[in-house]
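Shown next, in structure tokens, is the structure this report addresses.
Any value given below was found using the heavy atoms of this structure, including those in side chains, with hydrogens, waters and symmetry copies removed. Residue numbers start from 1 in every chain, and the chains themselves are labelled A, B, ... in the order their sequence lines are given, proteins ahead of strands. For clarity, every value in this text was computed on a predicted model and none was experimentally measured.
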Number of protein chains: 2
Amino acid sequence: MGVRAQQKEKTRRALVDAAFNQLSAERSFSSLSLREVAREAGIAPTSFYRHFKDMNELGLTMVDEGGLTLRQMMRKGRQRAEAGGSVIRISVDTFIEVLESNPNVFRILLHERSGTSAAFRAAVEREIEHFISELAHYTEAQAKRTPELARAQAEALVILVFNAGASALDIKRSERKALADQLVLQLRMVATGAEALQQKMDNRA
Amino acid sequence: MGVRAQQKEKTRRALVDAAFNQLSAERSFSSLSLREVAREAGIAPTSFYRHFKDMNELGLTMVDEGGLTLRQMMRKGRQRAEAGGSVIRISVDTFIEVLESNPNVFRILLHERSGTSAAFRAAVEREIEHFISELAHYTEAQAKRTPELARAQAEALVILVFNAGASALDIKRSERKALADQLVLQLRMVATGAEALQQKMDNRA
DNA sequence: AAGTTGAGCGTACAATTGTACGCTAATTTA
DNA sequence: TAAATTAGCGTACAATTGTACGCTCAACTT
């Protein structure tokens, strides 16, 4: 890569990072202005256009990147689970850790999921879908579920986790343990219930 | 009430209604400007302040009102359920109907739940909490659950319903049936799982 | 009847926004 | 080496925003 392309990439990163850094509990992506992001990245407002068509394009980039980051971190956590122990418990703990170290990555997914841009919502849904289908396939193989049941179960699990994540962002660290415990309980409910429904179906056949 | 107070109340309503009417899939409350709302309500921008301290105060009013509306409609639906039939099924169907006839009421709750104002998030959480605790008490009495378990179960149910509501807003009407079916399946999972966990606990004691 | 209150208005202003346009200077290509 | 490309800048402008201030006049109080 030439010197020029390298520098361009560097500036582009600066823009993405600047945007991520400006996110907080009080500041959503849609409340960021092009000028603010450019300022934080240390370039002139008009230079922004050399990298992104508009703020929308930057935002979609962030959603894609964020989803990828999250999935990578969760995958690493799953490896830990293979050493033994409750899959649910370990996954929840991993998720909380991921959340604490990358709050803004989670925030943009969380917020834009119910945002005003259809493109954003679709992008977030796509990321969440990755989680769901990964989990559904795992469950289908592992626990011998109907595809339909596995799908519904996986979706319920992911939704509950995601939702707890949103709450976790809003509370003190000391309260997070209780939240994690309740989440584990809920996930067990779903898993147990799915198992029971599956058996009822099997018996009937 | 005097003529004067009456007129004031009327204008106040015009403001609230104007704001609700401007909400849509593409337009969130936080993207509304004070001037837009005033314009739609047919008053001068500065007159807005005679009714609300700022847009925040209007928004909180809307959340409270919206939550109330939703609860009232759901309660009406529950009466229908008392005539017999699956509580889950009827509740889900009611919810979908409520959603279709008041999309904007649901939207503001949905969006501000993950919004950037702590006050808004708290207000929405309060509304959702009403649903949860109503349901938890019902389940605790009806199905003889531990308070802890009843709470976790109720919360899981409400989250799943709420979440499905968000998806429902984004799809065609014809696809909503499938969504409702899957939701019912998920709710049954939770209910069945909670029952199983409860029995396991009872046996142990 | 006289005095007070307050809802609504119009004007005004400083901020901030997105972005069009044309320039510069360094890199890349030929 | 000469020409072409392009990342980044500065200037400029029209929109829009929230809100301070002071006025009016109908409704209410005394």
Side-chain angles (χ1 to χ4, degrees), chain A residues 1-24 26-62 108 111-112 115-120, chain B residues 1-24 26-62 108 111-112 115-120:
Chain A
M1 195 162 60
V3 175
R4 194 162 192 157
Q6 231 166 22
Q7 175 53 37
K8 182 168 187 181
E9 180 54 33
K10 206 168 146 190
T11 305
R12 191 188 140 103
R13 265 253 65 81
L15 281 169
V16 174
D17 291 344
F20 266 121
N21 286 335
Q22 306 216 2
L23 295 182
S24 73
E26 296 79 27
R27 212 82 164 68
S28 71
F29 174 77
S30 50
S31 81
L32 298 183
S33 77
L34 181 152
R35 290 175 100 106
E36 278 177 308
V37 175
R39 206 178 305 136
E40 173 89 6
I43 64 169
T46 47
S47 301
F48 179 96
Y49 298 105
R50 301 289 182 195
H51 303 274
F52 300 99
K53 189 178 138 286
D54 53 21
M55 282 294 283
N56 247 337
E57 200 173 289
L58 167 60
L60 290 176
T61 302
M62 290 169 73
I108 193 169
H111 192 266
E112 298 309 326
T116 51
S117 152
F120 271 62
Chain B
M1 196 163 56
V3 175
R4 191 159 192 158
Q6 232 166 21
Q7 175 54 38
K8 179 166 187 183
E9 180 54 30
K10 207 168 145 190
T11 306
R12 190 189 142 104
R13 265 253 63 82
L15 281 170
V16 174
D17 291 344
F20 266 121
N21 286 334
Q22 306 216 8
L23 294 182
S24 72
E26 297 78 28
R27 212 82 163 67
S28 71
F29 174 78
S30 50
S31 81
L32 298 183
S33 75
L34 182 152
R35 291 175 99 108
E36 277 178 308
V37 174
R39 205 178 306 137
E40 173 90 3
I43 64 168
T46 48
S47 301
F48 179 96
Y49 297 105
R50 299 288 183 194
H51 304 272
F52 301 99
K53 190 177 137 285
D54 52 23
M55 282 293 284
N56 246 338
E57 200 172 289
L58 168 59
L60 290 176
T61 301
M62 292 169 72
I108 193 170
H111 192 267
E112 297 310 326
T116 51
S117 151
F120 271 62

- Note on the structure: When rounded to whole Å, the NZ to C1' distance for the pair A/Lys10 and D/dG8 reads 15 Å

- A/His51 pairs by side chain to side chain contact (heavy atoms under 4.5 Å, CB included) with which of A/Arg12, A/Glu57, A/Arg13? A/Arg12

- Going by an N to O cut-off under 4.0 Å, is there a salt bridge joining A/Arg27 and A/Glu36? yes

- Item | Nucleotide nearest A/Arg50 (side chain, heavy atoms from C-beta), chosen from D/dG18, C/dG18, D/dA7 | D/dA7

- Atom-to-atom span, NZ of B/Lys8 to P of C/dT5 - whole angstrom: 15 Å

- Task: Return the value, rounded to whole Å, for the distance between atom CD1 of A/Ile43 and atom P of C/dG18.
- Result: 13 Å

- Query: Checking all strands, does A/Thr46 fall into the base, sugar-phosphate, or nothing category for heavy-atom contacts under 4.0 angstrom?
  - Reply: base

- Per atom distances to the B/Leu34 side chain, the nearest of C/dT17, D/dG18, C/dC9 is D/dG18

- Query: Whole-Å distance between D/dT19 P and B/Asn56 CG?
  - Reply: 10 Å

- Rounded to whole Å, CE of B/Met1 lies from P of D/dC28 at a distance of 11 Å

- Query: Over how many whole Å does the gap from A/Phe48 atom CZ to D/dG10 atom C1' extend?
  - Reply: 19 Å

- Query: How many Å lie between CG on A/Asp54 and P on C/dT17, as a whole number?
  - Reply: 16 Å

- Message: Does A/Arg39 reach a base, just sugar-phosphate, or nothing at all? Heavy atoms under 4.0 Å.
- Response: sugar-phosphate

- Identify, between B/Gln7 and B/Arg35, the residue whose nearest nucleotide on DNA chain C lies closer to the 5' end. B/Gln7

- Message: Of the listed nucleotides (D/dG18, C/dT17, C/dG8), which one gets closest to any side-chain atom of B/Thr11?
- Response: C/dG8

- Walking DNA chain D from its 5' end, the first of B/Glu36 and B/Ala5 to be reached, judged by nearest nucleotide, is B/Glu36

- Item | Between C/dT28 (C1') and A/Gln6 (CD): distance, integer Å | 14 Å

- Note on the structure: Quick note, A/Ser47 side chain, CB onward, closest among D/dC9, C/dT19, D/dT6 is D/dC9

